[in-house]
Structure formats: structure tokens, C-alpha cells
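This report refers to the structure that appears directly beneath it.
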Amino acid sequence: MLFVPLPFVVALLLLSRFVALLRQQDGGNRPFLALIALCILQSVAVGLRWGYDVSAARYVLPVLAGGLPPLVLASFQSLIHRDRAEIPWLNAAPPVLILALLVFAPYLIDGALVVIFVGYAIILLRLAYAGPDGLDEARLDGAAGAHKALLIAAGSLCLSASFDIAVLLDFEWSRGENVPMLVGNANLLVLFLVGVTATVAARAHALPSAPEERDEGSGTNERDRDVMERIDRLLSEQKLFRDENLTLARLARRASVPARQISGAINRLTGRNVSQYINDFRIAEACRLLRDTDMPVI
């Protein structure tokens with residue numbers, strides 16, 4: 001009877017998500033596609049190593065693992081305006097470091113991976129601190145879901161680090177007897193979670209469009225009211241809320257007001273984020289259509 005390792009099943013599930021995302025034909029999804037592809041490769045490598053005992057895979061696994069956190073970060077940074085999401089070239093350093101350790105000091109690899117995964121989880125949590133409005137290149141109707149995906153991705157990296165620590169302890173205490181089970185579970189939980197969050201966040205990516213916003217200073221209460229009036233007028237007269245690809249960055253460009261100023265004004269004057277505020281306009285429009293037209297609820 002043919003034995004199919006659990007990581008291969010995870011790889012097949014992720015492959016179906018990869019194909020579904022690829023069919024969207026959206027260039028903005030490339031970082032997320034690359035992330036899911038890496039998860040698939042890592043799942044296959046884990047299946048070969050611990051399912052079929054292909055020892056050569058042990059040289060590939062640490063390098064793939066080292067490339068995962070930077071790619072998670074780069075993917076979510078694609079949902080943030082470039083002026084605010086400075087992507088350091090050092091994102092290429094983790095896999096290069098792991099490759100160097102593989103050659104010169106393999107005994108340091110597990111510890112290095114723990115540091116890398118926890119470090120990038122902290123960076124992701126810092127991105128998440130701004131809330132859904134911080135993902136200003138995400139569609140407003142998908143920003144909340146993308147923000148939750150960001151938090152889950154950060155938690156997944158921490159979970160992976162905890163599995164690496166468990167593997168280290170298992171080698172110390174029982175000579176690695178439980179490593180196949182630990183690695184299999186880590187693959188199932190972490191890679192699948194990362195793949196799913198990548199799919200959710202990628203769906204929030206808006207289609208590309210025009211020029212970048214100008215930065216101006218933050219405003220006072222009077223400025224906040226002026227900003228709100230401008231946004232309300234823009235939404236009411238031009239019906240921007242009907243655009244399913246509307247993002248905070250696009251709204252800022254149309255209003256000629258910095259995204260941070262719009263977000264701050266709405267937060268301070270209404271106690272809500274931009275997504276919730278725009279949804280009020282969408283719900284009001286839906287109510288109007290139900291009341292004044294013969295359109296069905298669907």
C-alpha cells in the first residue's frame with residue numbers, strides 16, 4: 001500500500017490555493033504566490049525527509065525555513081504604501097546566513113532559526129499595531145481580514161520557533177526519537193496556517209492604479225473636521241464607496257490628503273477605522289436600493 005506522508009497532503013492543499021490565487025491574474029499577488037510556493041516546497045521536502053527518509057532533504061530544509069519569515073514580511077508589506085513600508089535588503093540575509101551555517105557551523109542552525117522566526121514575528125506584530133488602517137494598500141472591505149491574517153502569520157512564526165525548541169530539547173533528552181512527529185505537526189500547523197493567511201491577505205490586494213500621495217503634516221481638530229467634510233463630499237458626490245478596489249491610499253490620492261491624516265481624523269471624530277466608516281456608506285446605499293428599486297436582496 002502506498003504511504004503518503006501528511007506533509008504531502010498539506011502540500012496538495014496549498015497547491016489548490018496557489019492555483020486559485022494564480023487564476024486571479026493580479027500582479028500584486030506575486031509576493032503571496034511566492035510565499036505559498038515556498039510553503040509547498042517546504043512541505044514536500046519535509047515529507048521526503050521524514051516520510052521516505054531521503055537524507056539529502058536535510059540540507060534543503062533549513063535554507064527553505066530561513067527564507068519563510070522574510071517572505072511572510074515582504075508579502076504583508078505589499079499591502080502597505082511604499083513610503084511607509086521600507087523593505088530592507090537585509091530580508092535576503094536569513095537564508096544566506098542559514099546556508100553559511102550549513103557549511104561552516106551546522107550545530108548553530110536550530111538556534112539561528114529560532115531567533116529568525118521570533119525576530120520576524122515581532123516585526124509583523126509591529127506592523128499590526130497600526131490596525132487595519134495600517135494596511136492602506138488593501139481593499140477597504142478586505143483590510144480587516146488581512147489584518148487578522150497578519151496576526152495569525154506572526155503567531156505561526158512563533159509557533160514554528162516553539163517547535164524548533166522542542167526539537168532541540170528532544171535531541172537532548174531522547175536522542176531525537178520524537179523528531180519526525182514534531183516536525184510533521186509543525187509542518188501541518190505552521191505551513192498550512194501561513195498558506196491560508198497568505199491566501200486571505202492576497203484577496204485584499206487592490207488592482208493597481210495611479211499616482212502617489214503627497215505628505216503633509218498632521219492636523220488639529222479643525223483640520224480633522226475639514227478632512228471629514230472633504231471625504232464625506234467625495235464619497236457622497238462621486239460614490240467612491242462603490243469601488244470594490246477602494247483602498248485608504250486611493251482615497252487619500254483622490255482627496256489630496258495624506259492617508260495617515262484621513263485615518264487619524266476618522267479615528268478621532270468617529271471612534272472607528274476607515275473600513276468601518278466606508279461600510280456605513282455602503283450599507284446606506286444598499287438600504288436605499290432595497291427601498292427605492294425592485295432589485296432583489298442578492
Side-chain angles (χ1 to χ4, degrees), residues 7 10-11 14 17-18 21 29-46 49 57-80 84-102 105-106 108-130 134-135 146-168 182-183 185-202 205:
V10 174
L14 292 176
R17 293 184 172 271
F18 179 87
L21 197 56
N29 287 336
R30 286 174 187 166
F32 293 102
L33 285 169
L35 177 57
I36 296 173
L38 181 61
C39 290
I40 293 170
L41 285 175
Q42 196 172 346
S43 288
V44 171
V46 169
R49 174 69 181 94
R58 64 188 176 140
Y59 300 110
V60 178
L61 277 170
V63 180
L64 292 177
L68 185 66
L71 198 48
V72 172
L73 176 61
S75 297
F76 281 97
Q77 282 179 321
S78 71
L79 296 177
I80 302 174
R84 299 172 52 204
E86 300 173 359
I87 303 175
W89 62 268
L90 284 175
N91 273 351
V96 173
L97 172 64
I98 296 300
L99 187 59
L101 290 178
L102 195 61
L108 294 177
I109 288 176
D110 290 327
L113 284 174
V114 170
V115 172
I116 290 169
F117 273 69
V118 172
Y120 273 86
I122 292 171
I123 295 173
L124 289 173
L125 289 174
R126 287 185 61 191
L127 289 182
Y129 181 75
L135 304 175
H147 183 256
K148 289 176 184 175
L150 174 58
L151 292 172
I152 293 172
S156 299
L157 294 186
C158 289
L159 184 63
S160 180
S162 69
F163 273 111
D164 284 337
I165 293 172
V167 168
L168 281 170
L182 288 170
V183 173
N185 287 335
N187 179 258
L188 175 64
L189 292 172
V190 177
L191 296 182
F192 187 67
L193 279 174
V194 170
V196 170
T197 56
T199 305
V200 171
H205 204 292

(message) What I'd like to find out is whether the side chain of V46 reaches to under 4.5 Å of the side chain of V10, using heavy atoms alone.
(response) no
Interatomic distance, CD1@I122 vs CG@L157, rounded to 0.5 Å, equals 11.0 Å
Taking every heavy atom of P70 against every heavy atom of N91, the minimum-distance pair comes out as CB-O, 3.1 Å
Test side chain to side chain contact (heavy atoms under 4.5 Å, CB included), reference S156, set V194, T197, L151, output is V194
CG of L127 to NE2 of H147, rounded to nearest 0.5 Å, is 9.5 Å
So CG of L68 and CG of L41: to nearest 0.5 Å the spacing works out to 11.5 Å
Note: G66 and P94 closest approach over all heavy atoms is O-CB, 3.3 Å
Heavy-atom closest pair (A11 atom, V44 atom, distance to 0.1 Å) is CB-CG2, 4.0 Å
message = For a 4.5 angstrom cut-off between non-hydrogen side-chain atoms, does L79 reach F32?
response = yes
Heavy atoms of I165 and V114 approach each other most closely as CG1-CG2, 3.9 Å
d(L108 CG, L102 CG) to nearest 0.5 Å is 11.5 Å
| said: I'd like to know if the side chain of S43 reaches the main chain of C39, judged simply by a donor and an acceptor atom lying under 3.5 Å from each other, with no hydrogens or angles considered. | reply: yes
Correct closest heavy-atom pair for Q42 and L61 would be O-CD2, 3.9 Å
All heavy atoms of A37 vs all of F18, minimum pair found to be CB-CE1, 4.0 Å
Here the gap from C158 atom SG to L125 atom CG, rounded to the nearest 0.5 Å, amounts to 6.5 Å
Output for pair (L159 CG, I152 CD1), nearest 0.5 Å, gives 12.0 Å
_Assess the residue pair I109 and L113 against the criterion (side-chain contact (heavy atoms from CB on, under 4.5 Å)); give the C-alpha distance rounded to whole Å, side-chain angles, the decisive distance to 0.1 Å, and a yes or no._
CA-CA 6 Å; I109 288 176; L113 284 174; 4.0 Å; yes
